[in-house]
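Note sheet for the following structure.
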Amino acid sequence: MADIEKVRNIGISAHIDSGKTTLTERILYYTKKIHKIEEVKGKSGVGATMDFMDLEREKGITIQSAATYCEWKHNVINIIDTPGHVDFTIEVERALRVLDGAILVLCSVSGVQSQSITVDRQMTRYHVPRIAFVNKMDRAGANPYKVTEQLREKLGHNAHLIAMPIGAEDKFEGVIDLLSMKAHYFDGDNGEKIRVEEIPSALLEQAKKLRHDLTEAMGDFDDEVAQLYLDDKEVPEDLLRKVVRKATLSLKFIPVMIGSAYKNKGVQLLLDAVGYYLPNPSESKNEALDQDNKEAKVLLESSPDKPFVGLAFKLEDGRYGQLTYMRIYQGRINKGAFIINATNQKKVKIPRLVRMHADEMNEIDSASAGDIVAMFGVDCASGDTFTDGKVHYTMTSMHVPNPVISLAVAPKDQAASANFSKALNRFSREDPTFKIHRDEESAQTIISGMGELHLEIYIERMKREYNCEVIAGQPQVAYREAITQKTDFAYQHKKQTGGSGQYAKIGGYFEPLPPDAVEEYEFVDEVVGGKIPREFIPSCDKGFQEQLKKGLLIGFPVVGVRAVLNDGAYHDVDSSDLAFRICAMTAVREFYHKCKPVILEPIMKLQVQTPDEFQGPVVGQINQRRGMILGTAPVDRYAQVDAEVPLSQMFGFSTDLRSITQGKGEFQMEFLKYAPVPRHVQEELIEAYLKKKEAERK
């Protein structure tokens, strides 16, 4: 078992096509975990080690985050290679939730792209220190200085190069380490032989200037460095390394490395940097909530002697049943031991404990704080906390974005319906952004997710893994409804039947929540003088919420509502929970249209890269789809178009983009916000909804 100070839990995240999986492949090669390098879209058809799903190898993208571990210069590095595509954003969320450090991979030509911004935001959300790695230095147009500038401007980071390229594009030969001031060349067929020499005289001045800038930046983090800088004295390598580490861990600085994973240059220096600058598990701040003490926050210690606490962050259906990936935060566990699921208090035995290397498993007998392991045969959900029973802690779960697109699905062949249900149950347990519900009116099964590709992949997986062909309906956008005007309400519910009747009376007002409100619904109780007994107030809240689940314009949930209750009356005998709930529901129905409701639609952030000559048609295509162009910028012989476009208009965009750019255009899209639809679109949507209701009645 490695000393905890030598353990690094890191994730590799980036925009799609920045070379994450290629980089991981090189790391595994140099740390002798694999003996032959495979490419993501390799001619051998084998595919990269970490992309072990058939679908990943065919499409050349990463769909699931994959875990592995390796050793480099006495350090044990647990790595999670995450997808870059925004549709699989939950894989990045859950990886960053359990990691201590990360490598943000950026393309030396494209620089900071839309998905880099999302990934960076996720890293910030989980307070993950990171190293930026400017990859693809061998590509035409490679410019690490421009990328570092973008890290400062677009992401607002204090970023500085700690390495410098020797040449660039097809003349990229090696990397200068600005701390040791030595040039590193990577010889041999796969760059495995490192040759260290003095810095070429032509580059010495520039290297000195960059080191000078770095020293100046480090002066903010350490008085000794600041003093040496002011006295114009050389800062020793060891001191500078120590301060770069301190600055990186403070989350106020990002060291920038460079290289070309594909051309086998600079990866070993990046591995050194992981050891030098990223935290070990004991340096990360991990909190749990003590359920025995009103959910008070408790700081977990990365010590094997403390009571055991672990978080199940990812589930996978393996050959031998459910495989549960777990990060151990405190204590230790042994094979065969019993642990308790803090969510449901169930006691479970660990039959097998393994370390994962992509889809290979290496059996182990025990694991302790700081480790990332996998267990077999443990039934749980993603995000469950496990303890040894000595403490009653739970870890906070990860942030799960809401789905933005839905499809009605059904098995083609009734005989496959058992497999169909099995597949849906498994996928929804593994992926919290993949939601399933049954539409009672149309009796259809609806699946919802983060984008077209997300749902497409799951439909394809049902066919391959469960032998179940699926018929999918038209994609449906997750609209919302909202009120725009404050409206007073007063409603009395009275029903007389044999025996005791029902009586409830309520008054108050509905108003829209401010645009920056975090919650989608707020209930305010301003009833005084006992006009409504205290026990019936929650029933009113329930009634409002129940009715707001389905708006009266097109039947989608109503968001951004504050319901204020300030008046009412009751009857000693006839008032009940049910009476007040029905009264609140009917009040929403009666007064909804006076609140001037509108329909909201999901607006997507769209980024298109296209050769310059197709910029006009691409902008035209976006305008046709009710898009709003935010800006266009030249990026290395390509034009980049940024826009905001309604999701409902984006179906089939990839096909159209391919045809107008001769297959050379690429786009990325992610959810941005909800915004009201134009009036004519609202009228069309309401008309279509009423027609559908009419057809269902017949």
Side-chain angles (χ1 to χ4, degrees), residues 1-12 24 27-28 30-33 67-80 95-103 127-131 179 237-251 255 267-288 298-311 313 325-335 337 339 350 353-357 361-375 386-388 390 395:
M1 190 58 242
D3 172 3
I4 195 156
E5 289 186 6
K6 302 269 187 253
V7 175
R8 300 286 180 274
N9 292 320
I10 63 163
I12 297 181
T24 314
I27 288 175
L28 295 178
Y30 296 131
T31 55
K32 302 197 166 39
K33 282 299 285 187
T68 186
Y69 68 97
C70 57
E71 289 182 27
W72 179 257
K73 296 188 179 173
H74 315 303
N75 287 326
V76 172
I77 305 175
N78 290 311
I79 301 174
I80 298 188
L96 292 174
R97 170 69 186 82
V98 298
L99 293 169
D100 305 317
I103 298 172
H127 310 296
V128 177
R130 66 215 83 150
I131 295 172
L179 284 93
E237 181 187 339
D238 291 353
L239 174 62
L240 197 52
R241 277 204 201 286
K242 204 169 83 191
V243 180
V244 170
R245 177 182 178 80
K246 178 178 157 190
T248 308
L249 298 191
S250 74
L251 297 173
V267 178
Q268 296 94 324
L269 291 182
L270 178 65
L271 281 167
D272 289 344
V274 167
Y276 286 139
Y277 311 123
L278 291 183
N280 67 53
S282 65
E283 291 170 305
S284 290
K285 185 179 165 194
N286 295 302
E287 290 179 332
V298 187
L299 209 57
L300 297 176
E301 285 181 50
S302 296
S303 158
D305 309 324
K306 292 275 177 189
F308 167 72
V309 180
L311 178 76
F313 67 94
Y325 286 80
M326 184 161 67
R327 160 75 199 260
I328 304 171
Y329 285 99
Q330 187 173 281
R332 66 162 52 241
I333 46 168
N334 300 315
K335 191 164 102 176
I339 51 175
I350 307 171
L353 203 55
V354 294
R355 262 187 205 283
M356 296 303 295
H357 169 42
M361 294 151 206
N362 303 324
E363 298 270 349
I364 52 172
D365 293 325
S366 71
S368 60
D371 282 338
I372 291 177
V373 293
M375 310 176 291
F386 285 94
T387 67
D388 54 7
K390 291 179 191 157
M395 305 279 294

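Here the structure is a predicted model, which is why all the values come from computation and not from measurement.
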Do [X] and [Y] touch side chain to side chain, with heavy atoms closer than 4.5 Å?
X: Thr248; Y: Tyr276; value: no
X: Arg8; Y: Asn280; value: yes
X: Glu287; Y: Leu299; value: yes
X: Lys73; Y: Asp272; value: yes
X: Val274; Y: Asn75; value: no
X: Val7; Y: Asn78; value: yes
X: Val76; Y: Lys6; value: no
X: Met326; Y: Leu353; value: no

As an exercise, state the distance from [atom1] of [X] to [atom2] of [Y], rounded to the nearest 0.5 Å.
X: Ile27; Y: Gln268; atom1: CD1; atom2: CD; answer: 10.0 Å
X: Ile103; Y: Leu270; atom1: CD1; atom2: CG; answer: 4.0 Å
X: Leu99; Y: Arg130; atom1: CG; atom2: CZ; answer: 12.5 Å
X: Gln330; Y: Asp305; atom1: CD; atom2: CG; answer: 10.0 Å
X: Ile328; Y: Ile333; atom1: CD1; atom2: CD1; answer: 4.0 Å
X: Arg241; Y: Leu179; atom1: CZ; atom2: CG; answer: 4.5 Å

For the student: nearest non-hydrogen atoms of [X] and [Y], plus distance:
X: Ser366; Y: Asn334; answer: CB-OD1, 2.9 Å
X: Ile79; Y: Cys70; answer: CD1-SG, 3.9 Å
X: Phe308; Y: Phe386; answer: CE2-O, 3.7 Å
X: Gly101; Y: Pro279; answer: CA-CD, 4.3 Å
X: Ala367; Y: Val373; answer: CB-CG1, 3.7 Å
X: Leu249; Y: Tyr277; answer: CD2-O, 3.6 Å

Inset, instruction - Verify, without hydrogens or angle tests, whether Arg245 (side chain) and Leu278 (backbone) share a donor-acceptor contact under 3.5 angstrom. - result: yes
Inset, instruction - Spell out, as yes or no, whether a donor-acceptor pair under 3.5 Å connects the side chain of Ser368 to the backbone of Pro304. - result: no
Legend entry - Distance-only side-chain donor-acceptor flag, Ser284 / Asn286, under 3.5 Å: no
Legend entry - Face-on cation placement of Arg327 at Tyr325 ring, 6.0 Å and 45° thresholds: no
Inset, instruction - Quick one: list whatever passes side chain to side chain contact (heavy atoms under 4.5 Å, CB included) with Lys390, sequence neighbours left out. - result: Pro307, Asp388
Inset, instruction - Sort out for me which residue in Thr31, Asn9, Asn362, Asp371 forms a side chain to side chain donor-acceptor pair (under 3.5 Å) with Tyr69. - result: Asn362
